[in-house]
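Below you'll find the structure, written out as structure tokens, and then a few comments.
So that the names make sense, note that chain A is the first sequence line, chain B the second, and so on, each numbered from 1.
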There are 2 protein chains.
Amino acid sequence: MTPITNFKSAAAEKRIHQSYFKIALSVDCVIFGYTEKELQVLVIKSDLKEFAGQWSLLGDLVRPEENIDEASYRVLEERTGLKNVYLEQVQAFGECKRHPSGRVVTIAYYSLIDISNHKLQLSDNDLCWRPVRSLRKMAFDHRQILDTCLQRLREQVFEKPLLFNLLPAKFALRNLQELYESVLGESLDRRNFRKKIAVKEWLRETGELERSVLHRPGRLYTRQAGSKR
Amino acid sequence: MTPITNFKSAAAEKRIHQSYFKIALSVDCVIFGYTEKELQVLVIKSDLKEFAGQWSLLGDLVRPEENIDEASYRVLEERTGLKNVYLEQVQAFGECKRHPSGRVVTIAYYSLIDISNHKLQLSDNDLCWRPVRSLRKMAFDHRQILDTCLQRLREQVFEKPLLFNLLPAKFALRNLQELYESVLGESLDRRNFRKKIAVKEWLRETGELERSVLHRPGRLYTRQAGSKR
DNA sequence: GGTCTAATGTGTATTAAGTACATATTTTCA
DNA sequence: TGAAAATATGTACTTAATACACATTAGACC
């Protein structure tokens with residue numbers, strides 16, 4: 001039970017508001033993409049003098065009348081133009097001093113989107129994709145948030161068919177394996193990888209072959225319709 | 001980036017405050033205990049008329065000057081008198097309508113404590129332990145929070161030496177197995193269970209035997225000092 | 001069209017982990 | 001002293017994970 005629950009009077013309510021409604025709530029989205037055989041994350045230059053020149057995740061304050069999940073979907077759509085993307089809450093970050101302008105508790109989400117999707121239009125020229133590996137220091141505690149989200153993603157990639165969200169509709173198994181390797185940060189045996197993926201029934205053959213590759217083309221697969229995210 | 005970061009003027013800051021600082025932030029603790037061969041959770045009767053007679057988790061609003069982790073430790077200590085207990089954040093719950101008195105986003109934690117610990121003094125007579133299985137409906141979205149925390153706990157019990165926190169310092173393997181069975185909701189084979197636990201090196205033999213049991217006493221074990229939570 | 005290149009596609013032996021299952025032993029109680 | 005109830009323990013079987021090699025194919029180039 002929280003003391004907010006029974007206001008004995010208007011004055012009591014005001015006191016409560018004065019003492020407690022001093023924390024702002026935000027969402028921050030770790031938006032993963034994949035290109036150049038590297039896992040990328042969508043970032044923006046921080047406009048705070050404290051973090052001049054540093055990269056920051058995409059986030060916004062949660063509005064009083066929207067659910068926190070809605071808030072993160074909103075951030076995502078405003079910034080990328082995409083709807084219906086994979087989005088998952090990871091956890092809250094609530095150190096008092098994490099935001100220099102005041103007390104802001106943030107709830108971290110990660111999202112997986114297909115960079116090559118033609119609908120993806122970055123609304124802001126300051127936005128850019130950066131390889132996860134290249135981001136050392138970030139604004140706020142955003143590097144910690146990114147690490148936490150990446151760790152969660154790694155734990156889930158063989159449990160749920162998540163990484164397909166980062167690829168175009170049709171892809172060769174080599175592409176998928178390189179993506180797994182990029183996410184996990186380790187190289188995988190091709191035969192064992194194919195076996196491991198095969199038993200999960202996440203994929204469907206399209207009957208098509210790769211084009212414009214300088215070697216024997218691989219079969220193209222697509223995500224199995226029934227495979228749950 | 002959040003729009004809060006650069007206040008162009010005092011007026012702008014006031015507007016921001018009026019529109020955004022309307023969300024209260026709370027923590028709710030799923031405090032697990034174990035007794036009577038049943039996983040228990042510490043609950044209190046809701047004092048809201050909307051939830052009359054229903055059980056509620058222990059929580060409180062986060063104070064402006066405390067970290068969210070500190071807030072949950074505070075709730076735990078205020079209610080149980082215990083410090084240095086295992087506590088882990090699970091996730092935030094932020095549906096707009098989850099709290100009838102206003103917009104309250106809560107961050108859920110779970111905690112594992114040893115009920116038989118003599119330092120445990122419930123500060124409030126309305127507090128009580130209830131078997132997790134017996135709690136059908138709860139106040140707010142607390143049953144959902146409990147389910148989410150229980151699921152997280154289940155995922156971790158063979159990864160980290162968590163469940164020892166629910167037992168007295170010395171215990172027989174049977175006690176441990178019954179605890180695992182209670183948490184997982186399924187029965188386990190004794191020999192396989194012992195093997196699985198043995199390889200983890202979480203336990204140390206005390207050299208003592210059970211007392212006052214109506215059968216051959218089992219060896220008493222204690223948690224291995226170096227085993228990380 | 002022949003050859004080179006670079007990647008695809010496939011199977012098996014080995015090891016590790018998980019599961020199923022039965023008997024002798026020890027203590028208390030009557 | 002015997003019955004009851006639980007402890008302690010090992011092995012065969014199945015499943016999952018790992019390590020590893022060779023024939024095949026399409027494109028590029030001559």
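To the nearest angstrom, P of C:dC4 lies 18 Å from CG of A:L214. Atom pair A:D189:CG and C:dG9:P shows a separation of 15 Å (rounding to whole Å applied). Separating the CD1 atom of A:I197 from the P atom of C:dG9 is a distance of 15 Å, rounded to the nearest angstrom. As rounded to whole Å, 15 Å separates atom P of C:dC21 from atom CG of B:L188. For the pair A:H215 NE2 and C:dT8 P, the interatomic distance rounds to 6 Å; values are reported in whole Å. Computed from coordinates, the B:E159 CD to C:dA17 P distance equals 13 Å when rounded to whole Å. Distance, B:R219 CZ to C:dT26 P: 11 Å, rounded to whole Å. For the pair B:R191 CZ and D:dA12 P, the interatomic distance rounds to 14 Å; values are reported in whole Å.
The residue among B:L173 and B:K195 whose nearest nucleotide of DNA chain D is located toward the 5' end is B:L173. Of the two residues contacting DNA chain C, namely A:G218 and A:N192, the nearest-nucleotide position lying further toward the 5' end is that of A:G218. Toward the 5′ end of DNA chain C lies the nearest nucleotide of A:R216, the other residue of the pair A:R216 and B:V213 mapping further downstream.
Among the atoms of the strands shown, none is found under 4.0 Å from any heavy atom of A:K196.
Between A:H142 and A:L57, the shortest heavy-atom contact is ND1-N, 2.9 Å. Between B:L146 and B:M138, the shortest heavy-atom contact is CD2-SD, 3.9 Å.
Contact check, B:R190 against D:dA8: no side-chain N or O comes under 4.0 Å of OP1 or OP2. In this structure, A:R194 reaches the C:dG9 phosphate: one of its side-chain N or O atoms is under 4.0 Å from OP1 or OP2.
More than 12 heavy atoms of other residues, nucleotides or ligands sit less than 6.0 Å from atom CD of B:E205. Within 6.0 Å of NZ on A:K37 lie no more than 12 heavy atoms contributed by other residues, nucleotides or ligands.
Between A:D126 and A:D47, every side-chain heavy-atom pair lies at or beyond the 4.5 Å cut-off.
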